[in-house]
Amino acid sequence: MEKDNHPPHSYYPILMAGFVTVLLCSNLIGPAKVCQIEIPFHIPLIGTILIFGAGNIFFPLSYIFGDILTEVYGYAKARKVIWVGFAAMIFATVMVQIIIFLPPDNTESFNSTLQPALVTVFGTTWRVVIGSIIAFWVGDFINAYIMAKLKILTRGRHLWTRTITSTFFGQAADSLIFYPV
């Protein structure tokens, strides 16, 4: 068996790229589609029909990336990745708004269909991103903070307990902020 000679720090850029990708896709592509799934059982307060934005399927992966980053690289490095994610979302939002507001070439026949579709799909991106940044800022920092503190309290043991607990509180804070915004 070949030994892996890559030090853990060499995976940091890969984890950062994964985190930013999940964050961008969840917040830019995901909200464009609302899904409705009928489930075969009743959930209190919800019923038998789940309605959700498609981004909700993948967004929890950002918390997993956050947990890995905090666990392996520490709270400070995890915070840096969060800030990079925010910068990427803001840049993507500005880019989307510029693309939407640039006048389409009316001689291209597909633009008559494409322009309204772009406005429909990406027109509210700025609202989603503002709500997401506020909610994620609070939720992910809570997640990373709890993860780091629990690591100290448990002396590095009970990883599953730490990840589940920190993700629960981070996601709860995120959802409580994002949906009203």
Side-chain angles (χ1 to χ4, degrees), residues 11-39 43-75 77-97 100 117-118 120-150 159-181:
Y11 297 109
Y12 184 73
I14 296 167
L15 291 168
M16 182 185 299
F19 174 86
V20 171
T21 301
V22 167
L23 195 61
L24 284 174
C25 291
S26 295
N27 286 288
L28 297 178
I29 301 167
K33 183 172 185 175
V34 176
C35 304
Q36 179 177 321
I37 298 175
E38 190 168 343
I39 54 175
I43 299 175
L45 302 175
I46 295 174
T48 59
I49 296 177
L50 295 176
I51 299 173
F52 57 92
N56 290 338
I57 295 172
F58 298 102
F59 183 72
L61 293 174
S62 65
Y63 280 87
I64 293 170
F65 277 108
D67 287 346
I68 293 168
L69 287 160
T70 303
E71 178 69 18
V72 176
Y73 300 102
Y75 182 60
K77 289 239 184 200
R79 277 194 331 243
K80 285 180 186 176
V81 171
I82 294 167
W83 290 116
V84 169
F86 287 170
M89 282 194 345
I90 291 167
F91 175 77
T93 302
V94 169
M95 187 175 163
V96 162
Q97 295 305 307
I100 286 173
L118 286 171
T120 300
V121 172
F122 295 112
T124 60
T125 297
W126 64 272
R127 255 187 39 227
V128 170
V129 168
I130 288 171
S132 179
I133 285 176
I134 294 167
F136 191 75
W137 183 78
V138 172
D140 203 60
F141 282 114
I142 287 172
N143 179 62
Y145 181 80
I146 290 173
M147 183 77 175
K149 290 299 178 187
L150 286 176
L159 177 62
W160 288 108
T161 302
R162 290 185 278 131
T163 57
I164 291 169
T165 302
S166 64
T167 298
F168 173 80
F169 285 104
Q171 280 282 151
D174 186 295
S175 295
L176 288 171
I177 295 167
F178 178 77
Y179 286 106
V181 173

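Bear in mind that the values here come from a model prediction, so they are computed numbers and not experimental data. Heavy-atom basis, side chains included; hydrogens, waters and symmetry copies ignored.
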_Can you pull out every salt bridge (charged side-chain N to carboxylate O under 4.0 Å, His left out) where at least one residue sits in residues 166-181? Sequence neighbours excluded, please._
none
*Please list, chain by chain and in numerical order, all residues satisfying ring pair (Phe, Tyr, Trp, His ring centres under 6.0 Å) with Phe19, sequence neighbours excluded.*
Phe136
*asked:* Applying ring pair (Phe, Tyr, Trp, His ring centres under 6.0 Å), can you list everything that pairs with Phe122, at least two apart in sequence or on another chain?
replied: none
_Does the plane of the ring in Trp83 sit parallel, tilted or perpendicular to the ring in Trp137? Use 30° and 60° as the thresholds._
tilted
When you compare the side chain of [Y] with that of [X], does any pair of heavy atoms fall below 4.5 Å?
| X | Y | result |
| --- | --- | --- |
| Gln97 | Thr125 | yes |
| Met147 | Phe169 | no |
| Ile37 | Ile49 | no |

*Apply salt bridge (Lys or Arg N to Asp or Glu O under 4.0 Å) to Arg162 and list each qualifying residue two or more places apart in sequence or on a separate chain.*
Glu71
*If every non-hydrogen atom of Ala78 is compared with every non-hydrogen atom of Gly66, which pair is closest and at what distance?*
CB-O, 4.5 Å
*Nearest atoms (heavy-atom pairs only) where Val22 meets Ser62*: CG1-N, 3.7 Å
*asked:* Please enumerate all residues that pass side-chain hydrogen bond (donor to acceptor under 3.5 Å, both in side chains) together with Thr167, with sequence neighbours excluded.
replied: Asp67
_side chain to side chain contact (heavy atoms under 4.5 Å, CB included) partners for Thr21, two or more places apart_ = Cys25
_With Asn27, the side-chain contact (heavy atoms from CB on, under 4.5 Å) member among Leu24, Leu23, Ile29_ = Leu23
